[in-house]
Structure formats: C-alpha cells, structure tokens
Trainee: 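Quick one: this structure, given as structure tokens, is what I'll be asking you about.
Just so it is clear: chains get the letters A, B, ... in the order the sequence lines come, proteins before strands, and each one is counted from 1.
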2 protein chains.
Amino acid sequence: MTREAQGKGATTSTLWDRTRELAAQEIPRTALRLFTQQGYDETTIAQIAREAGVSQRTLFRYFGTKEDLIGGSEERFVTLLTETVREQPADAGVWEALRAAFKAALSLHASPEQALQRFRLVHHTDSLRAAYLGKRVRCQEELLPLLEARLAPSGTDRGQARAIVATAFACFDAAIATWIEGNGQGDILDLYDQGLAAVRS
Amino acid sequence: MTREAQGKGATTSTLWDRTRELAAQEIPRTALRLFTQQGYDETTIAQIAREAGVSQRTLFRYFGTKEDLIGGSEERFVTLLTETVREQPADAGVWEALRAAFKAALSLHASPEQALQRFRLVHHTDSLRAAYLGKRVRCQEELLPLLEARLAPSGTDRGQARAIVATAFACFDAAIATWIEGNGQGDILDLYDQGLAAVRS
DNA sequence: GGAGATTTGGCAGTCTCTGCCAACGCGGCG
DNA sequence: CGCCGCGTTGGCAGAGACTGCCAAATCTCC
C-alpha cells in the first residue's frame, strides 16, 4: 500500500497486489452475504474471517471496525461528495450542487438491487444505522465550508448554511427510507425532489 | 419498581424506594462529571460504578448501555415529543407543532449551562453522537404518523411527510451545533427559526 | 540466494455487555 | 417471633469487538 501502487499500466501491479485486492474484495462480500442471511448482530467477526479465509487480525487491519464492512471507507465517500460539489459551476445554487453530489453518491452502487439490499440492512440494524448517521454528519461538516462560500454573497450566515446542508441530507435520507418502503420502486432522486419540494412549499 | 411506587402522598414511598431513587440519580451524575473531566472514551464503566458506589452489574441494570448514562431514557423523550404534538390544536400547521415539540424538549434541561455541557459532550464524542442520532431517527419515525394525519388534507404523501419531519429535526440539530459553536450565546429556538427560514427561503 | 521490508497470524489483554446464581434486605404469613 | 416469598444486589464467568505485541511467512530488490 505504501508503494506507488495503482499503475493503470500493466506490469506495476504484481500478482501479489492482485491477490491482496481480491482478498480485500472477498471479505466485505462474505460479510454482506452473512449479514443478509442471518442478520448483522448474529454474525460474528470470527465467522466472517473464517469464511473469508483470513485471520481476525488481518480482517481488522483491512477494515477497522465491523461497521466498515458495509458501505466502504468513509473517506472515499467524503471525497466524492466534496469533489462533486467543487466541480459544480460557480453560479450553480447550493441545492443544485448538493443534488449533484447525491446523484454521484448513488452512482457508486453497482445495481439498484444491491443498493436496496445494503440500504435495507443499514436501515433495519440499529448499530449500523447509528454508524451511518455518524458518517453522514461528518460529511455535512466537510461540505459546510464549501457551501458557505457559495452562500456568502446572499448574506446567509454559517448557522443558516448548516441548516441548509442538514436539510438536504435529511431529505436524502427520507427519500431512501421511502424508497426502501416501496421495495425499490421509483427513483431515489425523484423522491428526493418531491420531499424537498414539500419542505420548501 | 413493580410496587405502586411514586405516591406523592407520604407513606407509600418506603425508605427503601427513596434509597433506590437516590442511587438512580447518583449514577448518571457521577458519569457526567467523569465524562466531562476526562472524556467519554477514557472513562470506564468500572470507574463510574466504583465512584457511584454500586457494582457494575447494578449499573447496567439501571442503564442498559454506557450511552444511556447521558441524556436519560429514550422513551421519556419520545413520549414528550409525541404528547406535545398531539396537544397542538388541530388547525396548527406541522411546522408549528414540531416547533412546539422542540421547545418542550429543550425545557427538559435544568439550565442552559447544563444543556451546553451535555450538548458539547455528545457533539464531540463520536460514539455518543451516533447513539443520539439513532434515538433521533426513532423519534422521527414515532412522530411520522401523527404529522401525516395533519398533512393529509393538503395532499401530501408519506414520503413528503417524512422529508418534512426529517428537515425539522435536521434544522434543530443544526441550531444546536451553531449554539455550541457560539458557546451558548443566543436562543436555540431563534437559531432554529433562522435556519428554517433560510431553508424555506 | 540473501538482506530488508511488508504482510500475516496468533496471543493476550481491555472494555462493554449478558446470563447465571448466591447473598442480602424487605414485607407478609402463621 | 420465626419463617418464607419476593425483589434487589453483587460477583463470576463468558461472549464479542477491538488493540498491541511479537514471531513467522512472504514478497521485493540487489
């Protein structure tokens, strides 16, 4: 990992690195399977490690906590959101910028089915949901200064900017909850737009 | 606890019950003191139990988890919010009803200083904050059907109602965060109003 | 092939939290 | 008064997540 690593060219990725990456993909896949089969709390780290073919110690080296086995690393998520917001044209409003960020975040999922599976799992497991919400507010805090800059011209203060960011994320979560309730019918972003429209009536 | 318990009359509360209640108040007080002194993660259950004069086992019987030592039981919070919303006149809008609920929730704190202390602790401790957010969304879910009823006449669907509730709580949290940042200056409800005004511009 | 760096695995330990059982204190019964 | 039922308490053992520490295995580079 300390090496120059991901040469998209050919030879720089040694067979060893590829094996490592395979393991790194195998572990969360096994975890997700077991979680959906028997529940999050009923699945132990020992079992995941055994079925994934690694030791507990190694598993914890790849993923710091049990919650990290779902939903990938937080940094990737944060950087995706911040980068997307940064890429938005300067004259785009904060609501448009945030919407674009959510759209980008949703595109991370391989398929709607997989997304539904993960969302359901997180939504129905208290500890997972709490962990997700924790990451979410950290995202909000990272995004705050960026959006504050966009809002400054209109005389919006920091507290108001915080409320706007929090609202956007809240409506995003609400959209996901509604989407889960409808078993994945419809489009999450449409639900988001409808929710936000009701809020800003 | 199974006895008829709190007779506000005199003789029904035995000396034994009073001792129990004292212990139940002493434990979270000790916990809060230690948490603010040396930090949440740096304080162990063993230490709290020792300084409060009870065994670990008893401590866990009173408060199911370490997080419950802060912020009291969730049910009390939920019932306060739901009761307050229910008490609102039928023609009151959802925003007014929710605002009244938040006002009631804030009145639970003995003093602004104590509130600031607790808010700061929760806000700056990842695990505590995650636990708080978990309780918060559970509150939202309890409140949802009540507010859905109030919104039904205006042709608002469930998803939109969820977005509205989520937004109100999000702005409430944002107000608290801003209030903490300002070291307790100003009024939380004012900050809430300002945030919501910016959102609904 | 060997030296150095990196990764892995095992072990012991901490901390939260739970189940189980014995000890204690309290009230009510004969 | 003595005894029994009942609820509370405390200690103990254990599960489970997670962290240092050290040795063994593995890879890379020379």
Trainee: Contact class for A:Y62 vs. all strands (heavy atom < 4.0 Å): base, sugar-phosphate, or nothing?
Mentor: sugar-phosphate
Trainee: Between A:E26 and A:A52, what is the shortest heavy-atom contact and its length?
Mentor: CG-O, 4.3 Å
Trainee: Calculate the interatomic distance between A:R57 atom CZ and D:dC22 atom P; express it in whole Å.
Mentor: 13 Å
Trainee: Determine, for A:E141 against A:R138, whether the closest basic-nitrogen to carboxylate-oxygen distance falls under 4.0 angstrom.
Mentor: no
Trainee: Less than 4.0 angstrom from a charged side-chain N to a carboxylate O is my criterion; do A:K135 and A:D68 meet it?
Mentor: yes
Trainee: Ring-plane angle category for A:F172 and A:Y192, please: parallel below 30°, perpendicular beyond 60°, tilted otherwise.
Mentor: perpendicular
Trainee: Choose from D:dC12, C:dT8, C:dC11 the nucleotide whose nearest atom is closest to any side-chain atom of A:R61.
Mentor: C:dT8
Trainee: Can you tell me the distance, in whole Å, between the CG atom of A:L22 and the P atom of C:dT7?
Mentor: 17 Å
Trainee: Just the rounded figure in Å: distance from P of D:dT19 to CZ of A:F63.
Mentor: 14 Å
Trainee: Any N/O pairs under 3.5 Å between the protein and nucleotides 16-18 of chain D? List them or say none.
Mentor:
from	atom 1	to	atom 2	distance (Å)
D:dA17	OP1	A:I45	N	3.4
D:dA17	OP1	A:K66	NZ	3.1
D:dA17	OP2	A:I45	N	3.2
D:dC18	OP2	A:K66	N	2.6

Trainee: Rounded to whole angstrom units, what separation is found between the CG atom of B:D68 and the C1' atom of C:dC17?
Mentor: 12 Å
Trainee: Enumerate the ring pair (Phe, Tyr, Trp, His ring centres under 6.0 Å) contacts for residues 43-65 of chain A, please, sequence neighbours excluded, ordered by first and then second residue.
Mentor: none
Trainee: Indicate yes or no: does A:D173 engage B:R162 in a salt bridge with an N to O separation below 4.0 Å.
Mentor: no
Trainee: Distance check needed: C:dG10 P versus A:R50 CZ, whole Å only.
Mentor: 13 Å
Trainee: B:T58 side chain N/O closer than 4.0 Å to the phosphate oxygens (OP1, OP2) of D:dT9?
Mentor: no
Trainee: Which whole-number value in Å describes the distance from B:L69 CG to C:dT16 P?
Mentor: 10 Å
